[in-house]
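Counting begins at 1 with the first residue of the sequence. For clarity, every value in this text was computed on a predicted model and none was experimentally measured. Just follow the structure's listing: the first ligand is 1, and inside any ligand the first atom is 1.
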Amino acid sequence: MTVPPLALNNGVEIPQLGFGVFQVPDAETEAAVSEALAVGYRSIDTAAIYGNERGVGQAIAKSGIAREELFVTTKLWNSDQGRETTRPAYEASLEKLGLDHVDLYLIHWPTPAADRYVETWEAMEELYDAGAVRAIGVSNFLPDHLRRIVDLGGTVPAVNQIEVHPGLHQSDVTDFGAKYDIATEAWSPLAQGGDLLGHPVIVDIAGRLGRTPAQVILRWHIQQGRIVIPKSVTPSRISENFDVFGFELTAEDLAAIDGLEAPGGAGRIGPDPAEFNR
Ligand SMILES: NC(=O)c1ccc[n+]([C@@H]2O[C@H](COP(=O)([O-])OP(=O)(O)OC[C@H]3O[C@@H](n4cnc5c(N)ncnc54)[C@H](OP(=O)(O)O)[C@@H]3O)[C@@H](O)[C@H]2O)c1
């Protein structure tokens with residue numbers, strides 16, 4: 001099975017389904033990523049702060065898969081934001097990954113109190129203009145943050161990677177992205193495997209289709225055009241989460257899942273980007 005590619009705003013293609021490795025210890029990362037690559041995933045999402053770029057790189061090196069068939073994302077950590085610090089941080093990530101470039105480099109959080117994300121974006125643009133990275137983007141940026149980047153008049157972020165799952169849609173952010181051709185990539189797409197997987201609405205749809213709750217939720221994302229990067233260290237789940245292209249949800253199914261959003265952003269699992277300044 002192949003994952004459909006999604007063209008980013010600079011024409012670079014990203015597989016719509018990838019594999020996340022947040023909270024996977026470095027020593028366990030090679031095994032998890034090797035399993036994912038064997039199943040067929042070709043996009044891997046890591047970050048400097050995850051401390052597992054070496055494990056990702058080891059799995060890639062051992063896989064024998066041609067580099068051009070892979071799509072590797074990593075992220076600049078908050079303390080490395082800045083005009084002079086961005087390139088060295090990128091190079092440190094490349095050294096750990098054992099790669100000469102990544103496909104997508106993201107600013108991990110805006111950290112608005114530090115107010116360095118604009119100059120950091122300009123440093124990201126320099127990396128991109130020099131051909132050191134195939135696409136650049138952001139993560140956890142809210143409309144106010146995206147507006148300042150777009151108003152620079154330079155490179156528009158290819159991706160904004162944000163928390164999205166049935167309990168939290170962040171429609172203001174995804175609408176801004178749609179308007180400016182910034183692809184939305186959903187993190188914690190399964191709401192970290194919590195109660196949502198047992199919700200009767202999800203369980204009923206899964207039962208009717210002969211699918212699992214996780215597959216139904218991933219399908220909800222995919223049919224709305226989002227990129228998804230579910231994480232698992234469990235081989236059966238790694239396969240289960242990949243097998244989401246052989247069925248369709250109806251418009252009624254999508255609407256029923258939409259109805260699970262908690263009011264007022266109460267479904268948020270991770271930090272609020274407006275407040276997260278560590
Ligand atoms: N940019 C950011 O700030 C940010 C923040 C968070 C995450 N991310 C990225 O997004 C990726 C995904 O998010 P996430 O790891 O937070 O959460 P997630 O993918 O929504 O959920 C992962 C959790 O769900 C469990 N799970 C996975 N598949 C399952 C299935 N089919 N059935 C039941 N449980 C299942 C996993 O357990 P096992 O592993 O034990 O199987 C794990 O505990 C991360 O790995 C990371 O790459 C980015």
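Closest non-hydrogen pair, T73 versus L106, comes out as CG2-CD1, 3.9 Å. When every heavy atom of L8 is checked against every heavy atom of A135, the shortest pair comes out as CD1-CB, 4.2 Å. Residues A132 and H101 approach most closely at O-CB, 3.4 Å, considering heavy atoms. Residue A262 comes nearest to G267 through the heavy atom pair CB-N, 3.5 Å, listed as atom of the first residue, atom of the second, then distance.
The aromatic rings of H108 and Y50 lie perpendicular to each other, with more than 60° between the two planes, well past the 30° mark. Below 30°, between 30° and 60°, or above 60°: for Y117 and H145 the angle between ring planes is above 60°, a perpendicular geometry. By the 30° and 60° cut-offs, the orientation of the rings of W109 relative to W187 is perpendicular.
For atom 44 (C) of ligand 1, the closest non-hydrogen atom of the protein is F22 CB, 3.3 Å. The single protein non-hydrogen atom nearest to atom 11 (C) of ligand 1 is I229 O, 3.1 Å, given as residue, atom name and distance. With hydrogens left out, the protein atom closest to atom 40 (O) of ligand 1 is R237 NH1, 3.5 Å, a heavy atom. The nearest protein atom to atom 47 (O) of ligand 1, hydrogens excluded, is given as D45 OD2, 2.7 Å; this is a heavy-atom distance. Counting only heavy atoms of the protein, atom 28 (N) of ligand 1 lies nearest to N241 ND2, 3.0 Å. When hydrogens are left out, the protein atom nearest atom 16 (O) of ligand 1 is S188 OG, 2.7 Å; that is the closest non-hydrogen contact. Annotation: atom 21 (O) of ligand 1 to nearest protein heavy atom, Q192 CA, 3.2 Å. Of the protein's non-hydrogen atoms, L190 N, 2.8 Å is the one closest to atom 20 (O) of ligand 1.
Contacts between V21 and ligand 1, counted as non-hydrogen atom pairs separated by less than 4.0 Å, involve the backbone only. Of all the heavy atoms of S232, the ones lying under 4.0 Å from any atom of ligand 1 are found in both the backbone and the side chain. Residue contacts with ligand 1, taken as heavy atom pairs separated by less than 4.0 Å, involve A191 solely via the backbone atoms N, CA, C and O.
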Side chain to side chain donor-acceptor pair (under 3.5 Å) assessment of W220 paired with D253: CA-CA 8 Å; W220 171 78; D253 293 336; over 6 Å; no

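By heavy-atom distance, the residue among F242, W187, Y50, W109 lying nearest atom 46 (C) of ligand 1 is Y50. In this comparison of Q161, E163, K231, E185, the heavy atom closest to atom 15 (O) of ligand 1 sits on K231. Nearest residue to atom 3 (O) of ligand 1 from V24, N140, T46, N52 is N140 (criterion: closest heavy atom).
When each atom of ligand 1 is checked for a heavy atom of A214 under 4.0 Å away, the hits are 30 (C), 31 (N). Set against the non-hydrogen atoms of P230, the atoms of ligand 1 under 4.0 Å away are 19 (O). The atoms of ligand 1 that sit less than 4.0 Å from any heavy atom of H108 are 1 (N), 2 (C), 3 (O). Atoms of ligand 1 found under 4.0 Å from any heavy atom of T234 (numbered from 1 in listed order, with element): 38 (P), 40 (O), 41 (O).
At least one cation-pi condition fails for R148 and W121: the charged atom is not both under 6.0 angstrom from the six-membered ring centre and inside a 45 degree cone around its axis.
Follow the hydrophobic side-chain contacts under 4.5 Å out from V39 and you reach I65 in the same cluster.
The closest side-chain heavy-atom distance from D258 to H169 is below 4.5 Å. Looking at Y128 and R134, their side chains never come closer than 4.5 Å, going by heavy atoms from C-beta outward.
Under a 4.0 Å heavy-atom criterion, F19 is not in contact with ligand 1. Note on ligand 1: G270 sits outside its first shell, no heavy atom being nearer than 4.0 Å.
Polar contact check, V233 against ligand 1: a nitrogen or oxygen pair lies under 3.5 Å apart.
Considering CD of E126 and OG1 of T155, their distance stands at 10.5 Å, rounded to 0.5 Å.
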